[in-house]
There are 2 protein chains.
Amino acid sequence: MRRERADAARNREAVLAAAARLFAERGDPERVSMDDIAAAAGVGKGTLFRRFGDRTGLIRALIEQRTEELRTAVAEGPPPLGPGAPARERVLALLDALLTFKLDHRPLTLALENAGVGSPYRNETYSVLHTQLAALLTEARKPLSDDADFLAHAMLAAVRADLVDHLSGNGMPEERMRAGLAALCDAVIEA
Amino acid sequence: MRRERADAARNREAVLAAAARLFAERGDPERVSMDDIAAAAGVGKGTLFRRFGDRTGLIRALIEQRTEELRTAVAEGPPPLGPGAPARERVLALLDALLTFKLDHRPLTLALENAGVGSPYRNETYSVLHTQLAALLTEARKPLSDDADFLAHAMLAAVRADLVDHLSGNGMPEERMRAGLAALCDAVIEA
DNA sequence: CAATATACGGACCGCCAGTCCGCTTAGCAA
DNA sequence: TTGCTAAGCGGACTGGCGGTCCGTATATTG
C-alpha cells in the first residue's frame, strides 16, 4: 500500500472543509448536494466520490474529523472530562460537552446525525462514546449496573442533535437544557 | 366546506394502507418511492400528491393514523396506561407501550420517524405524548419538577425507533431494553 | 338529468446521487 | 533531468426520484 499522493490529500481536506462550511451555512443538510460540495471544494465530482465512496462515507469522514478533539479530550484530556475526576463528575462533563458541541454546531451536527446517513448509530464516534459512558456509569453506580449499557444509550439520546435543535428552536434556553441534563445524570447515578 | 367525495376517501385509505404495507415489507424506507406507493394503491401519482401534499405529509398522516389507538389508550383507556393508575405507574406503562409499538412495527416506525421528514419532532403525536408524559412526571415527582419538560423529552428519546432498531439489530434482547427503561423511569421519578 | 365542483392519472420537469472513462500528473528510478 | 506508470482527476452522462400540470372523468346536488 503506497503513501497517499499529495494532491489527493490536499483535495481530501478541501472537500471536508467545503462540506462542513456548506452544511453550516445552509441550515438544512438536504439543501447541500454533492455537486455543491465538489464545486465549493474546487474539485470534480468524480474525485469526491472516488475518495469517499458515497454521501454517507463523506459524512462519516466529517464526523470522525470534527469529533476527534472531543474524543481525545475524553480519553486523555484533563479532568473533569478526562481521566482523574470521579466517575459521576465525568459523566456530567461528558454529556455537557456533547450538548455544548451540538449547540455550537447546530446545522453541522444535524447533518452529521441525520442527513440520510441511515442510522446515526453506525459510526465509530458513537460507539466509542457509548463505551466510555457505559463504563463510567458502571463505575459510578456499582449496583444495578446491568442496565448501564442501555442507560448510556438513553443518556446519549437525550442530547441528539435534532432534539437539541428542536428545543432550541422552540425557545428552551440553554440553561434549562443543562439543568435538565444534570438532573438526568443525578437521577441515573443516584438509583 | 363540502363533504369529502366518496372516491377520494376510498383512495385516501388505499394509499395509507399501501404505504404502510410497503414500508413494512422493505426494511429501508428510502427504498419506497412515491411511485411505488401510488402503483401499489392502484392510484395515479397526481392523486397521491393532491391528497397529501408531499412525502412528508403522507408520512405524517400515516403517523397520526397508526398511533391513534395508542394515543386514545393513554388519554382515556383503562389503567395502568389510561387515567386512574398512580402517575409513576402510568409513566412506565406509557414508555413500555411505546417500546412495544416500535418493536412490533420496526420498519414502519423507522420510516415514520426518519424517512427524510425533517424533524421527527414536528408532528402532533409527539407533542401530545410529550405533554402527557411531562404532566405525569410533574405529578409523580413534586419537587424539582422544573425539569419535567426536558426529562420527558429525554425519556421519549430513549425509545426512538432508530435506537430501538439499533439495539435489536445488535442483539440486545427485548427484556434488557424493558429492564433498562424501567430503571430509567425509577431513577427519574425517585430523584 | 344537467351542471359543476371535485378528483383522477400519467406524461413531464428539474434535480440529484452515483458511474465511467479518456486525460493529467505526482512520484520514483535511472 | 528525463521517462515511465500507477494513481488521481473531472465532468458528461445515466437512472430514478419528488413534485407539477392539465386535459379528462365522475360524484354530487337540485
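This is a predicted model, so every value here is computed, not measured. The figures that follow rest on heavy atoms only: side chains count, while hydrogens, waters and symmetry mates do not.
- At the heavy-atom level, R51(A) lies under 4.0 Å from the strands shown only through sugar-phosphate atoms.
- Using bins of under 30°, 30° to 60° and over 60° for the plane-to-plane angle, the ring pair Y126(B)/H153(B) lands in the parallel bin.
- Taking side-chain N and O atoms only, N11(B) has a distance below 4.0 Å to OP1 or OP2 of dC8(C).
- Heavy-atom nearest nucleotides on DNA chain D were determined for G44(A) and for D35(A), and the one closer to the 5' end corresponds to G44(A).
- The interatomic distance linking E30(B) (CD) with dG18(C) (C1') rounds to 14 Å, in whole Å.
- Annotation: side chain of R60(A) is not in contact with side chain of R55(A) (no heavy-atom distance under 4.5 Å).
- Note: CZ (R31(A)) to P (dA17(C)) measures 12 Å, nearest angstrom.
- Between E64(A) and T125(A), the closest side-chain pair of non-hydrogen atoms falls below 4.5 Å.
- Side-chain atoms of E113(A) do not come within 3.5 Å of backbone N or O of P120(A) as any donor-acceptor pair.
- Using modelled atom types, one finds no donor on one side chain facing an acceptor on the other under 3.5 Å when comparing S127(B) with R122(B).
- Look at CD1 on I37(B): it is 12 Å from C1' on dC17(D), rounded to the nearest Å.
- Here the side chain of D147(A) pairs no donor or acceptor atom with the backbone of F150(A) at under 3.5 angstrom.
- Between the P atom of dC15(C) and the CG atom of D36(A) lies a distance of 11 Å, rounded to the nearest Å.
- For the atom pair CD (Q132(A)) and CG (L156(A)), the distance works out to 11.0 Å, reported to the nearest 0.5 Å.
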Inset, instruction - Could you please spell out the steps behind the ring pair (Phe, Tyr, Trp, His ring centres under 6.0 Å) verdict for H105(A) and F23(A)? - result: CA-CA 10 Å; H105(A) 307 86; F23(A) 282 130; over 10 Å; no

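- A salt bridge links R26(A) with D36(A); the closest basic N to acidic carboxylate O contact falls under 4.0 Å.
- Direction change of the helix axis from one end of the helix from dC1(C)-dG30(D) to dA30(C)-dT1(D) to the other is 20°, with five pairs defining each end axis (rounded to 10°).
- Atom C1' of nucleotide dG27(C) and atom CZ of R3(A) are separated by 9 Å, given to the nearest angstrom.
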Interface polar pairs with nucleotides 20-27 of chain D, N/O, under 3.5 angstrom:
none

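- Between M34(A) atom CE and dG10(D) atom P there is a gap of 15 Å when expressed in whole angstrom units.
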